[in-house]
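Okay, so here's the structure we're looking at.
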Amino acid sequence: MGRLKFKKRWIADETFEAAAFIDVDNDGVLDIVSGEFWYKGPDFRKKNYIGKSMREGEYYDEFSVVPLDVNKDGYTDYITGGWWGDTMYWMENPGEKGGEWTRHILAEKVGNIETTKGFDIDGDGELEIIPNNPGEPVIIYKLTAPGEFTSYKISDFAQGHGMGFGDMNGNGRTDIIICSGWFEAPESIDGDWKFHEFQFSDVAASVPMIVADINGDGLNEVIVGSAHGFGLWYWQKEGDTFKRCEIDPWSSQYHDILYIDIDNDGEKELVTGKRFRAHCGNDNGEWDDIGVYYFKWNGNSFTKNVIDYIRIEEGTGGVGIYFDAADTTGNGFLDVLAPGKGGLYLYENLGMEEY
């Protein structure tokens with residue numbers, strides 16, 4: 001038997017809560033982008049300035065790093081925005097000339113952005129941009145020309161805290177899930193999105209909620225974390241409804257979730273952890289110890305495995321509001337990039353350790 005072993009690497013003390021791997025300079029090596037800076041790979045020691053970020057108390061108005069070549073110049077840009085600015089932006093990669101990145105408005109008066117996700121909704125091979133604005137309707141932003149987005153409003157009511165993407169009815173299309181139900185995707189993205197009511201969460205849910213066939217029965221389940229309280233669970237399809245199954249009711253602030261093959265066995269695992277100081281000390285469980293975990297399906301339930309565990313009186317960490325994973329060392333295993341109010345860290349995945 002064995003378990004994964006990780007090496008924790010400090011990258012920076014900056015407290016931005018979103019980070020992603022992007023090949024910024026097109027050298028074929030992944031770099032790290034987070035807030036006002038990017039860090040050149042493969043060692044991530046050279047720190048480069050992107051530009052000034054709006055700050056609000058303990059927060060920065062940078063709640064996502066969604067990679068996308070918006071202007072089609074061959075360099076990867078990214079999309080961001082946050083709770084206070086009422087605006088979603090795309091940050092233009094300066095390319096070969098280097099220097100500061102140019103901030104372009106993607107959409108104004110969008111409301112409070114909890115975070116933003118990119119997902120190929122219409123199956124054309126390119127990401128659409130979907131912000132989770134708890135007090136606003138669901139709107140999809142599609143890149144339709146270099147630097148230009150077309151918006152598609154698919155609801156008339158507030159979406160609430162939490163969002164996910166996946167095929168809910170087995171027709172091969174990507175539906176959109178919110179706390180109170182799911183929108184059935186039409187044949188075309190500009191069609192009529194039919195809403196199906198179901199209460200996946202009565203608290204602030206994770207962004208994303210994961211839609212996946214966990215148990216191999218051919219039907220997709222929905223994995224939900226409590227973003228500002230305790231709990232991690234999934235909904236198993238039973239006829240025309242769902243049955244709730246607990247994964248981890250004892251930990252809190254599961255705000256972002258990845259569903260990836262972290263141990264290279266051909267099956268995906270659930271990777272997540274606490275968003276430290278999500279509401280600046282005001283959430284249930286805020287002052288509990290901080291964990292970063294992967295949960296492995298064992299055939300009947302999920303087994304919890306520790307990537308990192310930090311006693312609250314000894315340090316900080318967690319996975320922030322938008323984290324990422326990629327193989328940065330070339331050993332074939334995915335490493336975990338963890339930003340947050342405790343700093344920016346990289347968990348190098350060293351592979352299986354026998355025991």
Side-chain angles (χ1 to χ4, degrees), residues 16-20 59-67 78-85 88 107 110-121 127-141 154-155 158-166 168 174-183 199-212 221-235 247-248 251-260 270-279 283 292 318-325 336-341:
F16 302 99
E17 294 188 82
Y59 301 95
Y60 289 92
D61 211 43
E62 303 262 351
F63 279 10
S64 65
V65 182
V66 183
Y78 70 90
I79 287 89
T80 191
W83 188 260
W84 296 271
M88 192 160 49
V110 296
N112 304 117
I113 300 174
E114 188 63 35
T115 188
T116 301
K117 293 295 181 182
F119 207 93
D120 183 7
I121 298 294
L127 297 180
E128 279 69 56
I129 306 302
I130 310 98
N132 180 216
N133 312 90
E136 305 294 332
V138 177
I139 299 178
I140 302 169
Y141 295 87
I154 71 169
S155 73
Q159 58 188 269
H161 190 306
M163 178 175 283
F165 314 95
M168 294 292 289
T174 299
D175 309 307
I176 296 179
I177 299 89
I178 61 175
C179 283
S180 57
W182 58 282
F183 296 94
Q199 199 68 39
F200 291 108
S201 178
D202 56 4
V203 297
S206 54
V207 191
M209 297 182 277
I210 301 294
V211 179
E221 284 75 46
V222 180
I223 302 170
V224 184
S226 177
H228 296 290
F230 284 91
L232 180 66
W233 62 92
Y234 70 93
W235 293 96
I247 300 174
D248 181 13
S251 299
S252 65
Q253 278 84 255
Y254 284 132
H255 206 293
D256 192 10
I257 303 174
L258 297 178
Y259 193 57
I260 55 178
L270 183 63
V271 181
T272 185
K274 181 190 283 290
R275 179 189 172 198
F276 175 60
R277 292 188 65 76
H279 279 164
D283 279 337
V292 181
V319 300
I321 200 168
Y322 187 106
F323 73 113
D324 202 2
V336 178
L337 178 61
K341 292 191 178 77

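Keep in mind it's a predicted model, so treat the numbers as computed, not measured.
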Atom [atom1] in [X], atom [atom2] in [Y]: separation rounded to 0.5 Å?
X: K341; Y: F16; atom1: NZ; atom2: CZ; result: 12.5 Å
X: S226; Y: H255; atom1: OG; atom2: NE2; result: 9.5 Å
X: I121; Y: I130; atom1: CD1; atom2: CD1; result: 4.0 Å
X: I79; Y: I113; atom1: CD1; atom2: CD1; result: 11.0 Å
X: S206; Y: H161; atom1: OG; atom2: NE2; result: 9.0 Å
X: I176; Y: I140; atom1: CD1; atom2: CD1; result: 4.0 Å

Between the main-chain N or O of [Y] and the side-chain N or O of [X], is there a donor-acceptor pair closer than 3.5 Å?
X: S201; Y: G225; answer: no
X: E136; Y: G111; answer: no
X: D61; Y: W84; answer: yes
X: S180; Y: Q199; answer: no
X: D202; Y: C179; answer: no
X: N133; Y: V110; answer: yes

Side chains of [X] and [Y] in contact at under 4.5 Å (non-hydrogen atoms):
X: E17; Y: T115; answer: no
X: P134; Y: W83; answer: yes
X: D175; Y: F183; answer: no
X: I177; Y: V211; answer: yes
X: Q159; Y: I154; answer: no
X: Y322; Y: V66; answer: yes
X: I257; Y: L232; answer: yes

- Task: Assess R275 against Y59: is NZ or CZ under 6.0 Å from the centre of the six-membered ring, and within 45 degrees of the ring's axis?
- Result: no
- Take the angle between the ring planes of H279 and H228 and call it parallel below 30°, perpendicular above 60°, tilted in between. parallel
Closest approach of [X] to [Y] (non-hydrogen atoms, all atoms of both residues):
X: F63; Y: E114; result: CD2-O, 3.0 Å
X: F200; Y: V224; result: O-CG2, 4.2 Å
X: T174; Y: D120; result: OG1-O, 3.9 Å
X: Y254; Y: G231; result: CD1-O, 3.5 Å
X: P137; Y: S155; result: CB-O, 3.2 Å
X: I129; Y: P131; result: O-CD, 3.9 Å

